[in-house]
J.: 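Take a look at this one; I'll ask things after.
So that the names make sense, note that chain A is the first sequence line, chain B the second, and so on, each numbered from 1. Below, each value reflects all heavy atoms present in this structure, side chains not excepted, and no hydrogens, waters or symmetry copies.
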Number of protein chains: 4
Amino acid sequence: MTPTRRRDKAATRAALLDAARLRFARHGYDGTGVREIAADAGVDPALVFRYFGSKKELYAQAVRPEIPEGLADGTDRSAAVLADTLLHEVVLADWDEYGGEHPLLVMLRSSGRAEVREQLRAQLCDGYLRQFAERLPGTSPELRAEMLGALLLGLGVMRSVVGSPALNAASPERTRALFARVVAPLVEEE
Amino acid sequence: MTPTRRRDKAATRAALLDAARLRFARHGYDGTGVREIAADAGVDPALVFRYFGSKKELYAQAVRPEIPEGLADGTDRSAAVLADTLLHEVVLADWDEYGGEHPLLVMLRSSGRAEVREQLRAQLCDGYLRQFAERLPGTSPELRAEMLGALLLGLGVMRSVVGSPALNAASPERTRALFARVVAPLVEEE
Amino acid sequence: MTPTRRRDKAATRAALLDAARLRFARHGYDGTGVREIAADAGVDPALVFRYFGSKKELYAQAVRPEIPEGLADGTDRSAAVLADTLLHEVVLADWDEYGGEHPLLVMLRSSGRAEVREQLRAQLCDGYLRQFAERLPGTSPELRAEMLGALLLGLGVMRSVVGSPALNAASPERTRALFARVVAPLVEEE
Amino acid sequence: MTPTRRRDKAATRAALLDAARLRFARHGYDGTGVREIAADAGVDPALVFRYFGSKKELYAQAVRPEIPEGLADGTDRSAAVLADTLLHEVVLADWDEYGGEHPLLVMLRSSGRAEVREQLRAQLCDGYLRQFAERLPGTSPELRAEMLGALLLGLGVMRSVVGSPALNAASPERTRALFARVVAPLVEEE
DNA sequence: TATGAATGAGGTTTCATTCAT
DNA sequence: TATGAATGAAACCTCATTCAT
């Protein structure tokens, strides 16, 4: 634990990314200034451009959800278990780095930008859902995967953005149970 | 045919909206300047703010479709039929004529602001979903209503923002059928 | 007499030009910031770009000596009288707008820039000296004109840039008398 | 002959000074970057600060005209001969180290800085001209010395900065002859 | 009401300078 | 000791937005 992190490229980069994540999550792309991010990180605004080239690139790197373990690791899980895992990740988990929201939701907030939409699409369809579709049985697994993605995304939005009362008041177990019944037609044999 | 369109408020507004639609569609939000839009419309840039308040609001209005009437009328429908109707209006309707943007997404984009979030919550929970919950049988109809709302919201986002391929490629009938099976646990007796 | 000059385009432009003249004169092109000029003029820095497009253009317009009357008007004067007039203009006169220096000297201070050098050459050779050469008798009037120009320029430099003591202490009459004897070989018949 | 000049403090210093002289002479203080100088010298930019402390100090040390032999050596010359010598040194000579200009002219190019102006004044008045004044006959030799200095300075400026055509085209003999006639009233008995 | 001058915040770059190896 | 990466200040310029006429 070094008392001063000065002259430490990695630490500076990380500090910028952390600060950017929070600011972007809370105030969106346009509502966030490079100077504010730098101030939060305690460094000079110029370093944003030294390390990331542009505000857009910083955004792209800051708000970039890693493919969650549930999909990335080699473990073979059933689609039903996977759906439950994703529910945890997207809806129920605490994303402190992102101000309590899943990065995908954060990106949604800045979806006015074409680049953000493209990033969103790539992360979601090419990242999450395609791997998910591969484990789904029956016909048109892609469509079913996307509908499951829609439900997860929607739940995340309802919870964090809309602040829907019943969803937030319900116990995780209750939510999981209802969710399981809803996605059953998607993850089970037709 | 008036030789000059000056002093015609409605025409000026319409001209601004038309010009904005075109510019925004071609060059995106950031690539479009207020001055360019005003120049295209042949009016002073300040009128954008007089009539629309801000560039963002002009964007929102330029690419905004009409609010769907699905829940507004007094017709009494069963929960299952209502869900199907909403699916049509929110998800399947052809938004391309309006630039492919759903009004809820526009609000979602500004959800960094607390006022917008509150408005979103009020319209969605107190407006749409409560009426929907009243028609749902079984326990905790609110939670189920919100989960249905989440699915609809998510589907809209997937289609227009994310541009998910399978959802856009699937026939409306196919989507409706799958959707019906998914929402069955929500709209039917427990 | 308006107490406030706000919202007055002409006054703002003039204020910027005045402030720019002084700053550029004293600190050179690179030593002067747009913000400082704007602060001196009491306006926003952005107006520099609104009215002049760039710092360079502001410089070009601010430090642009009008051809002095001594050469511009149609009056036919002898070369000797003209030299005396120029001595006044370049060396002895008070150029309060330019911080006490002739614009040509001010340009000299920024002559590191190629554009400034070109502007300097054009003003001096094509403006002042060619007209002067036309009135000189004898052989190679251009060379003599340029040597006279050199003396005038040098005197200006000595006085304001170098701050030479004797030249500043001497009475104008004394300087004029000595100057007249020195330039005599240039302005008289060979 | 060492294959590499690394680890040779004196050589590095000298290389930096040489490179600095040329860059500063051609592009002025502000137009010259420390990195460019270091690149020309083939060393790391940080060495500028190791050896000279700052860019300003490097400038001061690089652009420091030695008192020319014409005045420094003990030889007793007449004022007329001296003027001719100075003409050679300041105007006609090739100052290859300084990019073809006398160091005094080089300093003039950076005279936006107060320190440079002070250095210029000291070199010129206290160095060159005072010694020159001591050899001048008649009344007010200082004033005459400064006027001679002005002519020399002005000629240098005209030649290198302004790029005056006739002065550069004329043969050295022609220039010397005309110069001699002009300075005659200064160097001769009144 | 319509105009256009004024504004200030923000993105980006350049550059002198300093620390860590 | 010499290097080069890291730093931060300052600058330019654009653009959405507001204000006075």
J.: Between residues 27-46 of chain C and DNA chain E, which residues have a heavy-atom gap below 4.0 Å?
T.: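 Heavy-atom cutoff 4.0 Å gives C:V43, C:D44, C:A46.
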J.: With distance as the sole test, does A:R21 use its side chain to make a donor-acceptor pair with the main-chain N or O of A:A62 at under 3.5 Å?
T.: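 Present.
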J.: Looking at DNA chain F, which of residues 49-59 of chain D put a heavy atom within less than 4.0 Å of it?
T.: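 Going residue by residue through residues 49-59 of chain D, the ones with a heavy atom under 4.0 Å of DNA chain F turn out to be D:R50, D:Y51.
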J.: Judged by atom type as modelled, is there a donor-acceptor pair below 3.5 Å linking the side chain of D:E97 to the main-chain atoms of D:D18?
T.: no
J.: Looking only at heavy atoms, what is the nearest atom pair of A:A38 and A:L16, with distance?
T.: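 Heavy atoms of A:A38 and A:L16 come nearest at CA-CD2, 4.1 Å.
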J.: Taking atom types as modelled, is there a side-chain donor on C:R13 or C:Q61 under 3.5 Å from an acceptor on the other?
T.: yes
J.: Could you tell me the separation between the NZ atom of C:K9 and the P atom of E:dG4, rounded to a whole number of Å?
T.: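 It works out to 10 Å between those atoms.
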J.: As a quick check of understanding, evaluate salt bridge (Lys or Arg N to Asp or Glu O under 4.0 Å) for C:R113 and C:D30, giving each step before the final call.
T.: CA-CA 9 Å; C:R113 315 226 144 218; C:D30 286 307; 2.6 Å; yes
J.: Given 3.5 Å as the limit, does a donor-acceptor pair link the side chain of C:E36 with the main chain of C:G33, or not?
T.: yes
J.: Could you tell me whether B:K55 sits above the aromatic face of B:Y29, with NZ or CZ closer than 6.0 angstrom to the six-membered ring centre and within 45 degrees of the axis?
T.: yes
J.: Would you write out the dot-bracket form of DNA chain F, 5' to 3', with Watson-Crick and G-U pairs under 3.5 Å, [ ] for crossing pairs, | for pairs to other strands and . for unpaired bases?
T.: .||||||||||||||||||||
J.: Is the shortest side-chain heavy-atom distance between D:R109 and C:R117 below 4.5 Å?
T.: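 The answer is yes; the side chains approach within 4.5 Å.
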J.: Nearest 0.5 Å, what's the NE2-CE distance between A:H102 and A:M107?
T.: 10.5 Å
J.: Could you give the CG-to-C1' distance, from C:L47 to E:dG4, as a whole number of Å?
T.: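 After rounding, the reported distance stands at 12 Å.
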J.: Would you call A:V116 and A:Y59 a side-chain contact if the rule is heavy atoms closer than 4.5 Å?
T.: yes
J.: Separation of A:D8 atom CG from F:dG4 atom C1', in whole Å?
T.: 16 Å
